[in-house]
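Report on the structure given below.
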Protein chains: 2
Amino acid sequence: MAIQRAASNDLDKRPNNTMKTIDKALFLLGFFSLDTPEYRLSDLARAANVDKATAMRILGSLSIGGLIEQHPETKKYRLGTAVLHLARLREASFPVVSVIQPILDALTLEVGESTHACLFAGSAMTTIAIAEPQRPTRVYINPAEALPLHATASGLAYLAHVPEAMQKNLIKRIDFKTHAKGTVRNKAELMDKLEETRLNGLAVSWRSFEDEVTGIAAPIFDWHGKVQATLSATCISNRLTDKALLGTKVAVLKASQKATQAMGGASPVQTHVATREQR
Amino acid sequence: MAIQRAASNDLDKRPNNTMKTIDKALFLLGFFSLDTPEYRLSDLARAANVDKATAMRILGSLSIGGLIEQHPETKKYRLGTAVLHLARLREASFPVVSVIQPILDALTLEVGESTHACLFAGSAMTTIAIAEPQRPTRVYINPAEALPLHATASGLAYLAHVPEAMQKNLIKRIDFKTHAKGTVRNKAELMDKLEETRLNGLAVSWRSFEDEVTGIAAPIFDWHGKVQATLSATCISNRLTDKALLGTKVAVLKASQKATQAMGGASPVQTHVATREQR
DNA sequence: AAACAGCGTTGATAATAATGAAACAAAAGT
DNA sequence: ACTTTTGTTTCATTATTATCAACGCTGTTT
């Protein structure tokens with residue numbers, strides 16, 4: 001016993017303080033996405049690689065809780081109305097969106113480009129707030145599109161500041177799909193980018209997700225200095241002069257700091273060098 | 001203390017096609033509310049009558065899933081950002097709020113009073129959308145306030161159309177607190193009100209939640225003919241002439257039918273008697 | 001028509017996970 | 001200073017869940 005504990009158990013990750021059944025339920029929940037907003041039982045079971053019967057019982061419980069609901073004719077499952085309630089509750093008691101929105105508005109006004117804020121969800125970034133400038137030409141941000149970690153400034157900004165263990169885990173699962181000319185192609189390139197992002201305090205993705213777009217993103221931290229969200233400006237690349245770029249960077253950085261502060265949080269402190277010294 | 005807990009809620013139901021662990025997790029989730037948006041471990045465990053250790057493991061799993069999060073200094077738990085993501089997803093793939101909102105807007109324009117839509121959540125109705133008229137005097141609807149079932153038109157409209165078994169269950173737990181002069185005081189009164197609501201197809205609560213306010217609410221049904229939401233107008237009582245009342249009733253009823261239809265749903269059909277008998 | 005293939009659902013048992021009392025250090029109150 | 005309470009871990013016992021095959025369906029193919 002003592003030997004096991006000392007020797008081999010470091011490698012086994014044994015978070016004994018969770019419940020596997022609940023983990024599995026949340027795992028299934030994670031399969032609902034924009035591309036696949038509803039599932040038949042068998043399809044979901046197959047996708048998640050769990051037994052049909054198990055999946056059904058899990059979904060049964062989630063249904064009772066209202067987190068998902070089932071169309072009685074097609075038998076398909078989808079997210080339920082309870083999530084609307086929960087989100088409303090969360091936003092009423094600890095506003096995030098409504099705190100960030102005015103910051104985005106101000107930023108957009110200042111830099112004259114579309115801006116948005118993202119949360120990390122599952123394996124990609126999802127937009128939670130958007131502001132658009134009045135200019136006739138501007139980048140349209142699809143509010144529901146999932147933004148891949150490796151191909152967007154938001155993703156890089158997030159990934160660069162995430163705890164090391166989780167970072168490794170996430171990177172392992174990146175598909176490195178090429179979205180545009182400037183998309184990062186492999187892990188080595190990505191690591192360089194992340195290092196650069198950490199040094200600069202913000203990520204610049206030049207034509208990496210869409211060809212005409214340059215994204216400039218900075219992390220938003222919570223009380224603990226953990227990345228909680230990102231804030232970014234998406235600019236039309238060919239009107240971004242060096243001077244404009246610099247100005248935008250500064251503005252984005254300032255806005256992200258304001259957001260960090262507004263979210264109730266401690267300041268990022270020195271993220272530049274020592275991101276690891278947290279314990 | 002009272003024996004309340006002995007009749008330990010819905011947890012002792014035994015439908016074999018659910019998972020008790022997940023039920024318990026969702027049960028805990030339900031304790032987060034506007035009044036108590038965050039909990040310390042022991043407090044939540046006590047409130048839910050669950051062992052500390054169990055509560056901790058459940059919360060651990062929910063935290064990993066992002067449904068809740070923990071402030072590392074105060075150790076308090078609260079709803080997490082994942083709910084924001086899920087709500088966004090649900091709304092993007094199956095819009096409810098954005099479908100109902102224009103209906104509310106039109107209704108408000110027509111009747112000149114504040115209107116709102118509610119979902120049932122836990123033990124009360126919660127608002128998911130609001131429209132306010134331009135008039136200088138109007139009812140202010142607190143978007144985050146929970147509306148008790150017995151004291152609001154929305155609650156009555158919901159309760160009147162809910163399946164009988166659930167109705168009994170819900171009524172059993174009503175506290176019959178008096179909120180205003182017209183609040184329903186006991187079960188007998190309530191049953192009368194519900195019968196009347198079913199007959200009329202809508203609920204009218206005259207000064208039952210706040211003294212100057214009359215609420216007029218109608219149910220919104222889903223594909224199955226199940227109540228999913230309610231839609232109501234909250235009027236300033238003393239400017240509600242008989243004629244205005246009638247007009248508002250008709251308008252609310254029409255709007256609720258439009259909402260039912262717009263939500264993708266089958267028509268209400270005859271759930272009990274005929275819904276057409278309103279005058 | 002009949003056989004087939006896939007679906008959602010159910011039940012029984014082996015395998016696993018959850019439970020709760022006790023014990024602990026560290027905070028928080030007094 | 002002391003007492004109480006909190007979050008956390010451990011461990012033997014108990015209860016829950018995974019699994020697999022089988023069922024009744026519906027729609028499709030032979």
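The analysis underlying the following values was restricted to heavy atoms, covering all of them including side chains, and did not include hydrogens, waters or symmetry mates. Sequence lines set the chain letters: A, B, ... in the order given, protein chains first and strands last, and positions in each chain run from 1.
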Touch check for [X], heavy atoms < 4.0 angstrom, all strands: base, sugar-phosphate only, or nothing?
| X | value |
| --- | --- |
| A/S42 | sugar-phosphate |
| A/R57 | base |
| A/K24 | sugar-phosphate |

Subject >> Watson-Crick or G-U pairs under 3.5 Å in DNA chain D, rendered as dot-bracket with [ ] for crossing pairs and | for another strand >> reply: ..||||||||||||||||||||||||||||
In this structure, how many angstroms lie between the [atom2] atom of [N] and the [atom1] atom of [X], rounded?
| X | N | atom1 | atom2 | answer |
| --- | --- | --- | --- | --- |
| A/R40 | D/dG27 | CZ | P | 13 Å |
| B/D51 | D/dT14 | CG | C1' | 14 Å |
| B/M56 | C/dT19 | CE | P | 12 Å |
| B/I58 | D/dT16 | CD1 | P | 13 Å |
| A/L59 | D/dA18 | CG | P | 12 Å |
| A/D43 | C/dG6 | CG | P | 12 Å |
| B/N17 | D/dT17 | CG | P | 12 Å |
| B/N49 | C/dG20 | CG | C1' | 13 Å |

Per [X] side chain, nearest of listed nucleotides [options]:
| X | options | result |
| --- | --- | --- |
| A/L41 | D/dA18, C/dG8, D/dG7 | C/dG8 |
| A/K20 | C/dT19, C/dT9, C/dA17 | C/dA17 |
| B/K52 | D/dT6, D/dT19, C/dT9 | D/dT6 |
| A/K75 | D/dT19, C/dG20, C/dT9 | C/dT9 |
| B/A53 | C/dA21, C/dC7, C/dT9 | C/dA21 |

I'd like to know if the side chain of [X] and the backbone of [Y] have a donor-acceptor N/O pair within less than 3.5 Å.
| X | Y | answer |
| --- | --- | --- |
| A/T36 | A/F32 | no |
| B/S93 | B/L89 | yes |
| A/T18 | B/G60 | no |

Original post:
So, is B/T21 close to the D/dT17 phosphate, meaning a side-chain N or O under 4.0 Å from OP1 or OP2?
Top reply: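 Checking D/dT17 against B/T21, a side-chain N or O does come within under 4.0 Å of OP1 or OP2.
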Under 3.5 Å, side-chain donor or acceptor atoms of residues 75-82 of chain B against the rest of the protein: list the pairs with distances, not counting sequence neighbours.
{"residue": "B/Y77", "atom": "OH", "partner": "B/Q70", "partner atom": "NE2", "Å": "3.3"}
{"residue": "B/R78", "atom": "NH1", "partner": "B/E69", "partner atom": "OE2", "Å": "3.1"}

Original post:
Charged N to carboxylate O under 4.0 angstrom, B/R198 versus B/E195?
Top reply: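 Yes, B/R198 and B/E195 are salt-bridged.
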Original post:
Is any side-chain N of the basic residue among B/D23 and B/K20 closer than 4.0 Å to the acidic one's carboxylate O?
Top reply: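 Judged by the 4.0 Å cut-off on N to carboxylate O distance, B/D23 and B/K20 do not form a salt bridge.
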Original post:
Under 6.0 Å between the ring centres of A/F120 and B/H85?
Top reply: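 No, the ring centres sit 6.0 Å or more apart.
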**OP:** On the 0 to 90° scale, with breaks at 30° and 60°, tag the A/H150-A/H179 ring pair as parallel, tilted or perpendicular.
**Re:**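 Tilted, since the angle between the ring planes falls between 30° and 60°.
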Original post:
Which residue, A/I22 or A/T74, contacts DNA chain C at a nucleotide closer to its 5' end, judged by nearest heavy atom?
Top reply: A/T74
Original post:
If you find the nucleotide of DNA chain C closest to A/Q70 and the one closest to A/M19, which residue's nucleotide is nearer the 5' end?
Top reply: A/Q70
